[in-house]
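Below is one structure, written out as structure tokens, with a few remarks after it.
In this text, all values refer to a predicted model and were calculated from it rather than measured experimentally.
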Amino acid sequence: MSHFARVGRVPGDPILGLMDAFRLDTNPAKLDLGVGVYKDARGLTPIPQAVKLAEQRLVDLETTKTYVGGHGDAAFGRLLIDLVLGTGNRLEAAGRVGATQTPGGTGALRLAAEFIARNLPGRRVWLSDPTWPIHETLFAAVGVEVGHYPYVDAGNRLDIEAMLAALDQVPLGDVVLLHACCHNPTGFDLSQADWQRVLDVVKRRELLPLIDFAYQGFGDGLEPDAWAVRLFAEALPEVLVTSSCSKNFGLYRERTGALIVCAEDSEKLTDVRSQLAFHARNLWSTPPAHGAAVVATILGDASLKAQWVKELEGMRKRVADLRLGLVEALQPYGLAERFAHIGEQRGMFSYTGLSPEQVARLRAEFSVYMVSTGRANVAGLDFSRIQDLAKAIAAVC
């Protein structure tokens, strides 16, 4: 008997597949704009100096490698809540908010999906069109049905009116997944006025917001990027927030994140957190400790935090400058206006507007790698290659 005889093969993840193809490409001028990691001028994904200093402190002072609890490192959770909702926020004072540490932001989304499936049965989750592909598969894994609301139009522009109209038709009580900032994959973010209008619809339809907050600090800065999350947390009795430390702390492989729950009162928060601990036990038992300890060390030390904030701001500004630099480099080809949106978008990703055929040509003729939808990781670019990329884009356009 062959127990595995009927086990079929599924297609590999397209982004991870791009990584493999890029690795095998022998062209010395190859350029990876696919995988979503920040890169410096050397093409490396650096470890912030604040992280290195915190790690050294842990090496010197850490006394145990025993398990952390089901909700993870308590200091990490408390400090991350302050980072997301603001120090001295009203919810914390009222005992209405708690954080459950997870293996990265993806783990936080998976835990949220499990909670919705087991504790809010029958609720549909509404995703932006387009959205991060993992959003689709995470909810499918637990049998939660998903719907979609429009986000960008056929002309590759943010379509807030279509988004609002669609949300206003969502069944009462469903869950709506929103990107707090640096929308993945498009890079188009809502304005504060837009967010207020979305909040009005969420209230009217009595929806539960699930806010994906993976890029705090990469849009307009640590505080501005948290504006929408804080708006919703202050205005609504119940909110779910998934927070990731992968990008802003450079802790990609350490898998450090949290699911933050805002509840109507402390008693209900305890109920919800008991469920989350139960679900987490069946998913990963207890979360990995190292990354959370690094974050807690940095956020709990004024000097380290100041250094980290400075380094993060440097990364944010560099990505913004790369966006503007690319638009400027396209000017001689008469394409600056067509691609002006790249300079207006926020965060690491850009929905460039390039077609799958143009993306395929970029890869075949110029060894420029990006996702077939035209999503490019601008943070994978460097200033010395901007002219080359502009020339390649002009060739395929």
Flag the pair [X] / [Y] as yes when at least one side-chain heavy-atom distance between them is below 4.5 Å, and no otherwise.
X	Y	answer
Gln169	Arg205	no
Met163	Leu190	yes
Val202	Leu167	no
Glu136	Thr131	yes
His290	Leu58	yes
Thr256	Phe76	yes
Leu91	Cys262	yes

Joint hydrophobic cluster, [X] plus [Y], side-chain heavy atoms closer than 4.5 Å:
X	Y	value
Val146	Leu178	no
Leu222	Leu79	yes
Leu283	Val261	yes

Pair [X] + [Y]: basic N to acidic O under 4.0 Å:
X	Y	answer
Arg361	Glu365	yes
Glu234	Arg90	yes
Arg96	Asp265	no
Lys317	Glu313	no
Asp60	Arg57	no
Arg323	Glu328	no
Lys39	Asp382	no

Considering residues, nucleotides and ligands other than [X], do more than 12 of their heavy atoms fall under 6.0 Å from its [atom1]?
X	atom1	value
Gln49	CD	yes
Tyr333	OH	yes
Lys305	NZ	no
Ile47	CD1	no

Has the side chain of [X] got a donor or acceptor atom that lies under 3.5 Å from a matching backbone atom of [Y]?
X	Y	value
Thr45	Tyr38	yes
His71	Gln101	no
Arg253	Leu251	no
Asn248	Leu312	no
Asp321	Arg318	no
Asp220	Pro224	no
Asp301	Ile298	no
Ser266	Gly95	no
Asp174	Arg123	no
Ser367	Lys30	no

- prompt: Atom CZ in Phe115, atom CG in Leu210: separation rounded to 0.5 Å?
  reply: 11.0 Å
Between [X] and [Y], what is the shortest heavy-atom contact and its length?
X	Y	value
Asp225	Gly219	OD2-N, 2.9 Å
Leu83	Gln216	O-NE2, 2.9 Å
Val84	Ala226	O-CB, 3.5 Å

For the side-chain contact (heavy atoms from CB on, under 4.5 Å) test, which of [options] pairs with [X]?
X	options	value
Pro185	Arg375, His179, Met348	Arg375
Tyr149	Val176, Val170, Leu177	Val176
Arg110	Val142, Thr242, Ile134, Leu259	Val142

- prompt: Which ILVMFWY residues are connected to Phe4, directly or by a chain of links, through side-chain heavy atoms under 4.5 Å apart?
  reply: Val7
- prompt: Quick one: ring-ring contact (aromatic ring centres under 6.0 Å, His included) partners of Trp126, sequence neighbours excluded?
  reply: none
task: Could you tell me how the ring of Tyr151 sits relative to the ring of His183: parallel (under 30°), tilted (30 to 60°) or perpendicular (over 60°)?
output: parallel
field: Test side-chain hydrogen bond (donor to acceptor under 3.5 Å, both in side chains) applied to Arg230 - qualifying residues, sequence neighbours left out
entry: Glu223
side-chain hydrogen bond (donor to acceptor under 3.5 Å, both in side chains) partners of Ser244, counting only residues at least two apart: Ser246
statement: Residue set satisfying side-chain contact (heavy atoms from CB on, under 4.5 Å) with Lys203, at least two apart, ordered chain then number -> Leu199, Ala235, Leu236
Within residues 352-384 or reaching into it, pairs that qualify as ring pair (Phe, Tyr, Trp, His ring centres under 6.0 Å) - sequence neighbours excluded: Phe22-Tyr369
- prompt: Going by distance alone, is a donor N or O of one side chain under 3.5 Å from an acceptor N or O of the other, for Asp82 and Thr87?
  reply: no
task: Indicate, with yes or no, if the rings of His148 and His135 have centres closer together than 6.0 Å.
output: no
